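Worksheet for the structure shown next.
Predicted model, so just to flag it, every value in this text is computed and none were measured. Just so you know, these numbers use all the heavy atoms, side chains as well, and skip hydrogens, waters and symmetry mates.
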Amino acid sequence: MDTSLIVSNILNPPILFFFLGMLAVFVKSDLEIPAPFPKLLSLYLLFSIGFKGGVELIKSGLTQEVIFTMLAAILMACAVPIYTFFILKLRLDTYDAAAIAATYGSISAVTFITAGAFLTELGIDYDGYMVAALALMESPAIIVGLILVNLFTPSQGDRDFSWPEVLQEAFLNSSVFLLVGSLIIGVLTGERGWHTLEPFTQGLFYGILTFFLLDMGLVAAKRIKDLQKTGVFLISFAILIPILNAAIGLLIAKFIGMPKGDALLFAVLCASASYIAVPAAMRLTVPEANPSLYVSTALAVTFPFNIIVGIPLYLYGIEMLWR
């Protein structure tokens with residue numbers, strides 16, 4: 001693998017600020033981002049990429065390529081939590097296995113955004129409608145995870161799930177709602193809307209992404225302590241499963257003929273793990289699962305691995321496959 005890809009990725013300002021956040025925790029600096037602010041930053045990022053994706057979707061239209069990409073996204077969103085559940089069941093109980101599987105079946109929007117910034121830095125084009133794939137992949141894993149809990153805890157067959165609440169949490173949580181809503185508004189307003197909001201959605205985007213990753217570095221470093229409870233099995237899982245998921249995603253992307261930029265974003269979606277939406281849903285619906293397991297593996301291992309090593313690694317895989 002060409003190590004220059006990794007170096008190029010690490011030397012991007014957003015990644016360096018991620019490291020700065022981690023360093024602040026390790027040296028016991030009092031640097032912190034006030035609690036409400038990171039939420040605002042994440043909402044801005046979701047709004048920006050959702051709106052841009054909607055504009056790009058209306059430009060491209062509902063072509064065969066778009067339809068195949070969306071179907072592939074749904075397929076992976078449903079398949080990943082199923083096979084990861086059975087891997088996790090080798091060492092964990094049903095509740096923890098299902099919660100972690102659901103976390104890895106869903107996606108990290110910030111990893112996706114970071115991958116887009118990496119492609120832009122390298123001058124590799126990608127289609128904005130990939131945001132629609134992002135939106136489709138966030139929620140199904142929650143439903144699959146709960147079905148697995150129901151199927152594999154027979155003694156709890158009368159478990160009182162409130163499916164209306166589950167579905168609301170899966171499809172109407174703040175990140176999904178804003179992302180899908182922004183996508184629809186982008187479709188409705190098209191180029192006119194894009195030119196109106198461009199100074200806000202484009203001019204500020206990379207600065208806010210960088211500041212958000214500074215906060216993510218702070219949070220990830222604090223979560224590293226929780227890894228002591230996970231053991232070697234889960235740490236290995238949190239590194240190897242993203243590589244496996246990305247490899248499957250790349251094979252699908254190659255099969256349906258995605259261009260390189262789209263293929264990288266699809267691989268990143270398959271490889272990432274949710275550390276916001278799905279953990280929030282799991283706390284509500286599977287309280288028996290241990291949050292320190294599914295949050296720390298996703299946030300303190302998989303997220304840093306993907307944004308530092310995974311993204312250039314998956315691009316290298318694309319270069320090999322697309323020759």
Interatomic spacing from CG in L269 to CD in E138 - rounded to 0.5 Å
10.5 Å
So do the side chains of L204 and Y44 get within less than 4.5 Å of each other, counting heavy atoms only?
yes
Please check if L188 and V180 belong to a single hydrophobic cluster, counting links between Ile, Leu, Val, Met, Phe, Trp and Tyr side chain heavy atoms closer than 4.5 Å.
yes
Indicate yes or no: at least one non-hydrogen side-chain atom of M76 is less than 4.5 angstrom from one of I107.
no
Quick one: are the ring centres of F303 and F18 less than 6.0 Å apart?
yes
Determine whether Y129 and E65 satisfy the following criterion, side-chain hydrogen bond (donor to acceptor under 3.5 Å, both in side chains), listing intermediate values before the conclusion.
CA-CA 11 Å; Y129 65 71; E65 181 182 339; 2.8 Å; yes
If you compare all heavy atoms of I142 against all heavy atoms of A281, which two are closest, and at what distance to 0.1 Å?
CD1-CB, 3.7 Å
Rounded to the nearest 0.5 Å, how far apart are CZ of F177 and OG of S139?
12.5 Å
Where do T69 and M130 land on the side chain to side chain contact (heavy atoms under 4.5 Å, CB included) test, with the steps shown first?
CA-CA 8 Å; T69 300; M130 289 301 297; 3.7 Å; yes
Which pair of non-hydrogen atoms, one from L213 and one from P14, has the smallest distance, and what is that distance?
CD1-CB, 3.4 Å
Within the structure provided, determine whether F205 and I49 are in side-chain contact (heavy-atom separation under 4.5 Å).
yes
Following the transitive rule for hydrophobic clusters with a side-chain heavy-atom cut-off under 4.5 Å over Ile, Leu, Val, Met, Phe, Trp and Tyr, establish whether V27 and M22 coincide in one cluster.
no
Side chain to side chain, F200 and F51, heavy atoms closer than 4.5 Å
no
If you count the non-hydrogen atoms of other residues, nucleotides and ligands that lie under 6.0 Å from CD in Q64, is the total more than 12?
no
Between L250 and A263 the two heavy atoms that sit nearest each other are CD2-O, 3.7 Å
Could you tell me the separation between the CZ atom of F68 and the CE atom of M258, rounded to the nearest 0.5 Å?
11.0 Å
With side chain to side chain contact (heavy atoms under 4.5 Å, CB included) as the test, would you mind laying out the steps for I224 and F26 before giving the verdict?
CA-CA 10 Å; I224 285 177; F26 296 148; 3.8 Å; yes
Answer yes if L90 and F85 sit in the same cluster of Ile, Leu, Val, Met, Phe, Trp and Tyr residues linked by side chain heavy atoms under 4.5 Å apart, and no otherwise.
no
Is it true that, when you exclude F47 itself, more than 12 heavy atoms of the residues, nucleotides or ligands shown sit nearer than 6.0 Å to its CZ?
yes
For D93 and D96, work out which heavy atoms get closest and say how close.
OD1-N, 2.8 Å
Write down the atom of Y206, the atom of A117, and the distance for their closest heavy-atom approach.
CE2-CB, 3.4 Å
Rounding to 0.5 Å, atoms CG (L75) and CE (M137) come to a distance of 9.0 Å
Note, T302 side chain near T297 side chain (heavy atom, < 4.5 Å)
no
Once you round to the nearest 0.5 Å, how far does NZ of K260 lie from CG of L119?
11.5 Å
Is there a side-chain contact between L148 and T94 (heavy atoms, below 4.5 Å)?
no
State which residues pass ring-ring contact (aromatic ring centres under 6.0 Å, His included) with F212; sequence neighbours excluded, sorted by chain then number.
none
Are any side-chain N or O atoms of S48 and backbone N or O atoms of L45, one a donor and one an acceptor, separated by less than 3.5 Å?
no
Any chance you could measure L214, atom CG, to L209, atom CG, to the nearest 0.5 Å?
11.5 Å
Examine distances only and state if a side-chain atom of T196 and a backbone atom of R192 form a donor-acceptor pair shorter than 3.5 Å.
yes
Kindly say whether V66 contributes a backbone atom to a donor-acceptor pair with the side chain of T63 at under 3.5 angstrom?
yes
Step-by-step side chain to side chain contact (heavy atoms under 4.5 Å, CB included) determination, L264 to I124:
CA-CA 10 Å; L264 177 66; I124 299 174; over 6 Å; no
Close side-chain approach of V301 to F237, heavy-atom, < 4.5 Å:
no
If only atom types and distance count, is the side chain of N12 paired as donor or acceptor with the main-chain N or O of I15 below 3.5 Å?
no
Flag the pair I58 / E191 as yes when at least one side-chain heavy-atom distance between them is below 4.5 Å, and no otherwise.
no
ILVMFWY cluster, L151 and I82 together (side-chain gap under 4.5 Å)
yes
Under the criterion side chain to side chain contact (heavy atoms under 4.5 Å, CB included), I'd like the reasoning laid out for D215 against L41: C-alpha separation, chi angles, the key distance, then a yes or no.
CA-CA 10 Å; D215 179 65; L41 297 179; 5.6 Å; no
Tell me, with the steps shown, if F86 and F152 meet ring pair (Phe, Tyr, Trp, His ring centres under 6.0 Å).
CA-CA 11 Å; F86 289 105; F152 289 90; 5.5 Å; yes
For V286 and Y95, work out which heavy atoms get closest and say how close.
CG1-CD2, 3.9 Å
Indicate if L240 and I311 have the same hydrophobic cluster label, given that clusters are the connected sets of ILVMFWY residues with side-chain heavy-atom separations under 4.5 angstrom.
no
